[in-house]
Structure formats: structure tokens, C-alpha cells
Amino acid sequence: GLLDPSIDHVGLAVLPPPTSIATRCAKPPDSASYDSTASPYVIVPLASDYLVNGQLNTSSNLVSTIDCVQANGWTAYANALEAAQAELVADGRPGTTKVIILLSDGAANTGPLYYPATSPYLTQPCHQGIASAQAITAGGTTVFSIGYDLGHDRCQGETKATQARAPEQPPITAAQALPQIASSPSDFYNKPTPGQLNTIFTSIASDILQGTSRLVDDGS
């Protein structure tokens, strides 16, 4: 509600992706949707109808989808980040600041099985998430990351043949990965206590309001 729809267009990408846009409100499968190249990560393209007369427009695609999506499944950062960036490139206005916010509650622990067995998207999903985010930052997009109740869970790679999971090498935790996904140390936020998430989003919105921007909210 702090954003200005005439300036800030907002979209939504999720992980894991649904099997289709039509099923975006259904509980996603544990990991199977990662394995299809047809599974959409961006479930709401950039739009500006999320506010009407300063109030959230509950009939807009963005607000209604946020209200209906369900949390479930394994975590993989990289493809969701890349899909968000692709949406910013495809539909963002030239000359505007582009922003991605990644909200995650844990470590990456899977990847799409359509990649080769040695692909870091499978074997090093946290490290690949960092690499993807750094490439996005290098392209001019600011990446904010938010850790929601991270704990100390370790990132796990996946073996393509057996789909067994084992700790990434070199070892890394979610608490180590998410700060590196952010474009700078000040762009990482942790949520150590309940009730701080609104404060964090308000702080990020204040940053965005300092200049003309485009935003994709990338949450799980």
C-alpha cells in the first residue's frame, strides 16, 4: 500500500512453481513441478491495478493471488530469481529501477531434473542461487532477500538418478546463502521475531520510493 501504482508496477513469482497458471491457488506438489519446463514461476505479471484510491484492490490479479497461494514443497532459488528477472526485462519500462525481493524460509534443497546430472542447479542449489542473483545484480537489478525463520538448515543438492539429497559441497546454510543473494549487505533482512515482516517490507518500500522502480515480489 505504500507504493505508487503510477510509478511502481508489481508482479509475483513463487517457488516451487505451480503446474500451471490455472492451478496457482492449489497447494503445489513437493518437488514435481520443478521438473517441468512448462511450470510457471511468474504467476502474476507486472501490473499497476493493485491499489484503487489508495486501498488494496482485492479483485486485482496480484492481491487475489497473494491471498490464495498456499505454502508447500521443496526450495530452489535460482530458477525463480531468473524468471523474475526475465519478467522485469520483458515487461519493465526502460529507464526505471528494477527490483526483486526474495522471501524464503529455508535452504535450497532441490533442482529441476531436466538439467544434466552435474548441473549446479541440481547439485548446488544454494550456490547456484547466489550465482544467479549475482548475475542479476550485475545486470542492474537490485535484489533484496528476506530470511523468514531460517534456523540453521543446510543446503542440499539432489542426485538425478536416485533423487537422493546430500549436503552441498562446499557446505552452506540458508543463513549464509540468503545474505549473498542480496545485492549488498544492507539489502538482506532477517526476521528473528514475529511481527517484523511488515517492518521489513516497509523499509524496502521506503528504499524503492526513493526512485522510480519496478518490482517483482518473489516469495515462497
Exercise. So Q180 and I172, side chain to side chain contact (heavy atoms under 4.5 Å, CB included) or not? Walk me through it.
Worked result: CA-CA 11 Å; Q180 296 182 71; I172 186 171; 4.0 Å; yes

For this session: Test side-chain hydrogen bond (donor to acceptor under 3.5 Å, both in side chains) on Y189 and S203 and set out the steps.
Result: CA-CA 10 Å; Y189 293 83; S203 177; 3.1 Å; yes

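Of all heavy-atom pairs between I100 and Q85, the closest is CD1-N, 3.8 Å. Taking both residues in full, the closest heavy atoms of L122 and P116 are given as CD1-O, 3.5 Å, listed atom of the first, atom of the second, then distance. A108 and A76 make their closest contact through CB-CA, 4.3 Å (heavy atoms, listed as atom of the first residue, atom of the second, distance). Nearest approach of V63 to Y50, heavy atoms of both residues: CG2-O, 3.9 Å. Annotation for G147 and N190: closest pair O-OD1, 3.1 Å, computed over non-hydrogen atoms. The two atoms that bring Q128 and P120 nearest to each other are OE1-CG, 3.3 Å, heavy atoms only.
The disulfide (SG to SG under 2.5 Å) analysis of residues 114-191, with sequence neighbours excluded, yields the pairs C126-C155. For residues 104-134, the pairs satisfying ring-ring contact (aromatic ring centres under 6.0 Å, His included) are Y115-Y121, with sequence neighbours left out.
For the pair R24/L12, no side-chain contact is recorded, criterion being any heavy-atom separation below 4.5 Å from C-beta on. Looking at heavy atoms from C-beta onward, L197 lies in side-chain contact with I146 at the 4.5 angstrom threshold. Counting heavy atoms from C-beta outward, L3 and L51 have side chains that stay 4.5 Å or more apart. Inter-residue side-chain proximity for I136 and K98 is flagged as unmet; no heavy-atom pair is nearer than 4.5 Å. Counting heavy atoms from C-beta on, the side chains of L15 and Y34 come closer than 4.5 Å. Under the 4.5 Å side-chain criterion, counting only non-hydrogen atoms from C-beta, T123 is not in contact with T118. Between F201 and I101, some side-chain heavy-atom pair lies under the 4.5 Å cut-off. Here the side chains of P170 and Q124 are in contact, with some heavy-atom distance below 4.5 Å.
Between the side chain of S33 and the main chain of P17, a donor-acceptor pair closer than 3.5 Å is present. Using modelled atom types, one side-chain atom of N57 and one backbone atom of D49 make a donor-acceptor pair closer than 3.5 Å. Put simply, the side chain of K160 gets close to the backbone of L113: a donor and an acceptor are under 3.5 Å apart. Side chain of R154 to backbone of P171: no donor-acceptor contact under 3.5 angstrom is found. Distance alone, capped at 3.5 Å, places no donor-acceptor pair between the T141 side chain and the T137 backbone. Side-chain N or O atoms of D105 include none that pairs as donor or acceptor with a backbone N or O of D149 at under 3.5 Å. No donor-acceptor pair closer than 3.5 Å links the side chain of Q163 to the backbone N or O of E158. Checking side-chain atoms of D153 against main-chain N and O of A107 turns up a donor-acceptor pair under 3.5 Å.
Residue N61 holds its CG atom at 10.0 Å from CD1 of I66, rounded to the nearest 0.5 Å. Note that CG of L56 is 9.0 Å distant from CG of L62, once rounded to the nearest 0.5 Å. Note that the CG atom of L209 and the CG atom of D8 stand 6.0 Å from one another [nearest 0.5 Å]. Taken from CD1 in I181 to OG in S132, the straight-line distance is 8.5 Å, to the nearest 0.5 Å. We find the CG-OG1 distance between D207 and T97 to be 11.0 Å, quoted to the nearest 0.5 Å. In this structure, CD1 in I204 is found 5.5 Å from CZ in F144, a value given to the nearest 0.5 Å.
For OH of Y148, the number of neighbouring non-hydrogen atoms (other residues, nucleotides, ligands) closer than 6.0 Å is 12 at most. Atom CG of N198 has 12 or fewer heavy atoms from other residues, nucleotides or ligands within 6.0 Å.
Using a 4.5 Å cut-off between side-chain heavy atoms of Ile, Leu, Val, Met, Phe, Trp and Tyr, with links allowed through other members, V99 and L2 fall into the same hydrophobic cluster. L46 and V52 fall into different hydrophobic clusters, where Ile, Leu, Val, Met, Phe, Trp and Tyr side chains are chained together by heavy-atom contacts under 4.5 Å.
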